[in-house]
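Take a look at the structure below.
In what follows, chains are A, B, ... by sequence order, proteins preceding strands, each numbered from 1. Computed from heavy atoms alone, side chains included, the values below leave out hydrogens, waters and symmetry copies.
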2 protein chains.
Amino acid sequence: MQAAFQEYIRQHISLSDQDVQLMLSLATEQKVSKKTFLLREGEVCRHKMFVTGGLLRIYRTREDGSEHIIQFSPEQYWCTEPESLNKQTPSSYYIDAVEDSHLLQWTKKDFDHLNANIPGLKAYSEGIIAHNMDLHRQRIFSAISATPEEKYDEFMRVYPGLLSRIPLHMVASYLGVSVKTLTRIRHAQLQR
Amino acid sequence: MQAAFQEYIRQHISLSDQDVQLMLSLATEQKVSKKTFLLREGEVCRHKMFVTGGLLRIYRTREDGSEHIIQFSPEQYWCTEPESLNKQTPSSYYIDAVEDSHLLQWTKKDFDHLNANIPGLKAYSEGIIAHNMDLHRQRIFSAISATPEEKYDEFMRVYPGLLSRIPLHMVASYLGVSVKTLTRIRHAQLQR
DNA sequence: GGCCAACGAGGACATTTGTCCTCATTTTAA
DNA sequence: TTAAAATGAGGACAAATGTCCTCGTTGGCC
């Protein structure tokens, strides 16, 4: 599972083999089965994670117990709860595994060390943050302006191939609509 | 209007007077009247702005011409279109003045220079970005899970005092609901 | 001062969306 | 293997929300 990470790094940053090895030397591998929690509400997020295989989700609950998914992290995605990790404060979010998954994990301290000592990694990390910011703004725009059908289409564009891997109620939870509405959309799209 | 900026800096970062003067020396002051565009869709965002007085908004339009407000920037707020500024690509968003406003502006080049040469400013800038990320995630959560009434209450919490400065249709545009719904909410809240 | 646009409210109605229920099928776990 | 839970679909109905309209007031602009 380290190979997947090396492959990802090679495609996204040009790091020397030594630097990649340095990153891996500070990483912890973890294999988790479906429904395992990586972070619970109230806990402090200790790790920055990279998903080498499987699928994680970040979600939040309301008082009535309903779950609302903020983000999916399939293989080749980074995953963490930035607010809790950066400030080392209790998280408002949960992270759990939607599928059996393989992860690489770094503590904040170790990753800060890597950012400070590997040329280019800091700039790359900042680029990721900037990109996530752009995605978040698009998502906000979509959430306040798009119809459920447009949101559904956008979900499939943002997460190609994910639809067949997750139950519909998670798609609905991500989009902010009821399962019933999703069913209607899918039925309507079959007509075309 | 530079005084407002100095006051803000003093409260949020500890910079030497020389550093503050350095920042001001690279800034351009601008006074704009209501409805002036600072950025249009398709244009490249050239500046990072600080609002010393007045109120800006960032919004996006749909094909039908409807406007959807992503963010307000009242006095003492930073305002820019990060994606367009960072990548120097055409913006998908508009920025205009909701009230007559006073601004300080820096080009990306100059602000990068300041970040590189003023100790603590880079860390502060990153802190702003991290904080905005947290706000965006909360907004996404709110957008996909909250009722219009809850969103309205949250708006008043996030932007205290702004309600009386902007027309209702802008609040509706920010929340992603119709003006009619807002009117209903306000009527219902009067009953209590 | 006077005109026109913007604003906030509200009625009437249509549409969308949600809730609650059942049902058949598949998947999971004991 | 078998029972229980999860899943996807759909019917019936209620609730929420949007659209279109009018109306009176306010505020900016010539």
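Residues passing the side-chain contact (heavy atoms from CB on, under 4.5 Å) test with A:S92, sequence neighbours excluded: A:R60. Evaluation of the side-chain hydrogen bond (donor to acceptor under 3.5 Å, both in side chains) rule for B:Y124 yields B:Y8, B:W78 as partners, not counting sequence neighbours. Residues meeting the side-chain hydrogen bond (donor to acceptor under 3.5 Å, both in side chains) test with A:H113, sequence neighbours left out: A:N117. With sequence neighbours excluded, the residues satisfying ring pair (Phe, Tyr, Trp, His ring centres under 6.0 Å) with B:F37 are B:Y94. Listed by chain and residue number, A:R62, A:S66 satisfy the side-chain contact (heavy atoms from CB on, under 4.5 Å) test with A:D64 (two or more places apart in sequence, or in another chain). Remark: A:Q71 engages A:S73, B:R137 in a side-chain hydrogen bond (donor to acceptor under 3.5 Å, both in side chains) (not counting sequence neighbours). B:Q76 is linked by a side-chain hydrogen bond (donor to acceptor under 3.5 Å, both in side chains) to nothing, counting only residues two or more places apart in sequence or in another chain. Scored by the salt bridge (Lys or Arg N to Asp or Glu O under 4.0 Å) test, B:E67 finds B:R57 as partners (sequence neighbours excluded).
The outermost nucleotides of DNA chain C lying under 4.0 Å from heavy atoms of chain B, listed 5' to 3', are C:dC7 to C:dA12.
Classified by interplanar angle (parallel below 30°, tilted 30° to 60°, perpendicular above 60°), the ring pair B:F5/B:W106 is tilted.
In this structure, CD of A:Q189 is placed 16 Å from P of D:dG8, rounded to the nearest angstrom. Summarising the geometry, the separation between CD on B:E149 and C1' on D:dA15 is reported as 15 Å, rounded to the nearest angstrom. Here D:dT17 presents its C1' atom at 11 Å from NZ of B:K151, a figure rounded to the nearest Å. The separation between B:E99 atom CD and D:dG28 atom P is 12 Å, rounded to whole Å.
Within 4.0 Å of B:R184, counting heavy atoms only, lies at least one base atom of the nucleic acid.
Side-chain contact of B:D153 with B:Q189: a donor-acceptor pair under 3.5 Å is present, judged by distance alone.
Mapping B:K35 and A:L182 onto DNA chain C via the closest heavy atom, the residue that lands nearer the 5' end is B:K35. Between B:V179 and B:K34, the one whose closest nucleotide on DNA chain D sits nearer the 5' end is B:V179.
The stretch residues 157-173 of chain B touches DNA chain C through B:P167, B:L168, B:H169, each having a heavy atom under 4.0 angstrom from the strand. Of all the residues in residues 63-74 of chain B, not one reaches under 4.0 Å from DNA chain C with any non-hydrogen atom.
Aromatic pair B:Y174/B:F155: ring centres closer than 6.0 Å.
Side chains of A:P74 and A:V51 form no contact here, defined as non-hydrogen atoms less than 4.5 Å apart. Contact check for B:T147 versus B:Y152: no side-chain heavy atoms found under the 4.5 Å cut-off.
Across its full length, the helix from C:dG1-D:dC30 to C:dA30-D:dT1 shows an angle of 60° between the axes of its 5 terminal pairs at either end, rounded to 10 degrees.
Contact annotation: A:R186 side-chain N/O to D:dG8 OP1/OP2 distance is not under 4.0 Å.
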